[in-house]
Number of protein chains: 2
Amino acid sequence: MKIGQLAKNVDIDIQTLRYYESQGLLNEPNRLENGYRDYPIESIQRLQFIKKAKLVGFTLKEIKELLAIQVTKDEHTCQEVKNFTQVKLDEINQKINELSEIKSALQKIHTSCCGGNETAAHCSILQALEN
Amino acid sequence: MKIGQLAKNVDIDIQTLRYYESQGLLNEPNRLENGYRDYPIESIQRLQFIKKAKLVGFTLKEIKELLAIQVTKDEHTCQEVKNFTQVKLDEINQKINELSEIKSALQKIHTSCCGGNETAAHCSILQALEN
DNA sequence: TTTGACTCTATAGTATACTTTAGGGTTTAA
DNA sequence: TTAAACCCTAAAGTATACTATAGAGTCAAA
């Protein structure tokens, strides 16, 4: 798959794909005879993961680490991987908790603060977070 | 409360606090006679919210919008607030879904891939996301 | 065969969110 | 009273993550 096709598939700019390659998030793909990049189909899944991880606040560096998780005899032991995934799981649980708090505050505003037609009550997210 | 004390309380750099003020995330506080900033206690809550929202991938601009939610006769109608909170709720639900996916992939790696002592199975996050 | 759409590299520019520096005044404890 | 610790503004610098530009080659259809 050429770069323009991949870009369309995952809705990411062509330059951004080349940038991700330069940053090591995307393996260097094979090249066609003319020098054009030729991506395997798996690139789509990889980029969709990158998009998801970015959305929830992971940096490219962190995403690179997540993508690098592997248990191989030579590179990473099970214990190393277990330690790393535990740290990341803790981070993710924290993120989910923060999101849940913000969510319930927004929900409170959405349902109760704007109950009537003419409610002029001040209703801020900080107030909604209280109690 | 002076800026240094506030900075310690919320574990945010002094310069960052002044930067947030310049960006409109923090109201300009009263000044002491000597010109020093004098923050009300509520600033702590506000900054803790900013930290949480940042952690889960909201930009400062978005956080500013969340903090600006208010139902007042003159500025925002209930309908406007309802529309805005709905959009943000959708975004947050999406973020929670993405996080849940990443979480279960990590959990799968954490529990099953590293089951034995000598498992040399390749176990990547992308593989864990499949099926 | 030429023109429009595609690709390439290399490099410069931009937006966001800080972070540091420069140069100064203020407070407080020894 | 002086030195460390604090505060001020203004402006420059940095890291991250793109985004655009320049200048070139490739390909497919009219």
Side-chain angles (χ1 to χ4, degrees), chain A residues 1-41 43-44 46-68 88 91 95 98, chain B residues 1-41 43-44 46-68 88 91 95 98:
Chain A
M1 185 178 5
K2 283 188 285 180
I3 197 166
Q5 187 57 47
L6 178 61
K8 242 178 224 166
N9 270 314
V10 294
D11 195 30
I12 296 180
D13 208 273
I14 288 176
Q15 343 274 27
T16 303
L17 294 179
R18 291 199 276 245
Y19 174 68
Y20 286 168
E21 183 181 324
S22 78
Q23 298 309 110
L25 276 90
L26 228 45
N27 296 330
E28 286 185 25
N30 290 333
R31 298 294 181 123
L32 302 169
E33 289 140 39
N34 55 19
Y36 289 10
R37 286 173 181 78
D38 185 25
Y39 290 96
I41 191 80
S43 306
I44 293 176
R46 195 172 178 94
L47 286 163
Q48 278 162 350
F49 177 79
I50 293 172
K51 280 180 84 173
K52 285 180 197 181
K54 263 180 55 56
L55 178 77
V56 294
F58 285 106
T59 64
L60 294 191
K61 199 181 158 208
E62 289 171 321
I63 296 169
K64 198 174 155 183
E65 286 171 357
L66 286 172
L67 285 166
K88 287 296 160 188
E91 277 176 31
K95 279 174 193 274
E98 314 292 31
Chain B
M1 187 179 3
K2 285 189 283 180
I3 198 166
Q5 188 57 48
L6 178 60
K8 243 179 221 164
N9 269 314
V10 295
D11 194 30
I12 296 180
D13 208 273
I14 288 178
Q15 342 277 26
T16 304
L17 294 179
R18 291 199 275 247
Y19 174 69
Y20 285 169
E21 183 181 325
S22 77
Q23 298 310 109
L25 275 91
L26 228 44
N27 296 331
E28 287 186 23
N30 291 333
R31 297 295 180 122
L32 301 169
E33 289 139 39
N34 55 20
Y36 290 9
R37 287 173 180 78
D38 185 26
Y39 291 96
I41 191 80
S43 306
I44 293 176
R46 196 171 176 93
L47 286 163
Q48 278 163 350
F49 177 79
I50 293 172
K51 279 180 84 174
K52 285 179 197 182
K54 265 181 52 58
L55 178 77
V56 294
F58 285 105
T59 64
L60 295 191
K61 199 180 158 207
E62 288 172 323
I63 296 168
K64 198 174 157 183
E65 286 171 355
L66 286 171
L67 285 166
K88 287 296 159 187
E91 279 176 31
K95 280 174 192 275
E98 315 292 31

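What you see is a predicted model; the values in this text were computed from it and never measured. Per chain, numbering begins at 1; letters A, B, ... match sequence-line order.
For A:Ile14, counting side-chain heavy atoms from C-beta on, the closest listed nucleotide (D:dC18, C:dT7, C:dA17) is C:dT7. Taking the side chain of A:Gln15 as heavy atoms from C-beta on, and the options C:dT19, D:dC18, D:dA20, the nearest nucleotide is D:dA20. The side chain of A:Thr16 has D:dT19 as its nearest neighbour among D:dA17, C:dA17, D:dT19. The side chain of A:Leu60 lies closest to D:dC18 when the candidates are C:dA17, D:dC18, D:dT9. Of the candidates C:dT19, C:dT7, D:dA17, the closest approach to any side-chain atom of A:Lys2 belongs to C:dT7.
Separating the CD1 atom of B:Ile12 from the P atom of C:dC18 is a distance of 8 Å, rounded to the nearest angstrom. Taking atom CD of residue B:Gln5 and atom C1' of nucleotide C:dT27, one finds them 15 Å apart after rounding to whole Å. Counting to the nearest Å, the P atom of C:dT9 and the OH atom of A:Tyr19 are 17 Å from each other. What separates CZ of A:Arg18 from P of C:dC6 is a distance of 13 Å, to the nearest Å. If you take CD of B:Glu21 and P of C:dA17, they are 17 Å apart, rounded to a whole angstrom. Regarding A:Lys64, its NZ atom lies at a distance of 14 Å from the C1' atom of D:dA17, rounded to whole Å. Separating the CG atom of B:Asp13 from the C1' atom of D:dC6 is a distance of 14 Å, rounded to the nearest angstrom. One interatomic measurement links the two molecules: CD1 of B:Ile3 to P of C:dG25, which rounds to 20 Å at whole-angstrom precision.
Interatomic distance, B:Thr16 OG1 to B:Asp11 CG, rounded to the nearest 0.5 Å: 10.5 Å. One distance of note links CG of A:Leu47 with CG of A:Leu25; it measures 9.0 Å at 0.5 Å rounding.
Not one N or O on the side chain of A:Gln5 forms a donor-acceptor pair closer than 3.5 Å with the backbone of A:Lys2.
Taking a cutoff of 4.0 Å between a charged side-chain nitrogen and a carboxylate oxygen, A:Glu21 and A:Arg18 do not qualify as a salt bridge. Using a 4.0 Å cut-off between charged nitrogen and carboxylate oxygen, B:Glu91 and B:Lys88 count as a salt-bridge pair.
Using a 4.5 Å heavy-atom threshold, the side chains of A:Met1 and A:Asn9 count as touching.
Identified under the side-chain hydrogen bond (donor to acceptor under 3.5 Å, both in side chains) test for residues 46-57 of chain A, with sequence neighbours left out: A:Lys52-B:Glu101.
For the OP1/OP2 pair of D:dA17 and a distance below 4.0 Å, the side-chain nitrogens and oxygens of A:Lys61 include no atom meeting the criterion.
Near-neighbour residues of DNA chain D inside residues 22-39 of chain B, defined by a heavy atom below 4.0 Å, number-ordered: B:Arg31, B:Gly35, B:Tyr36, B:Arg37.
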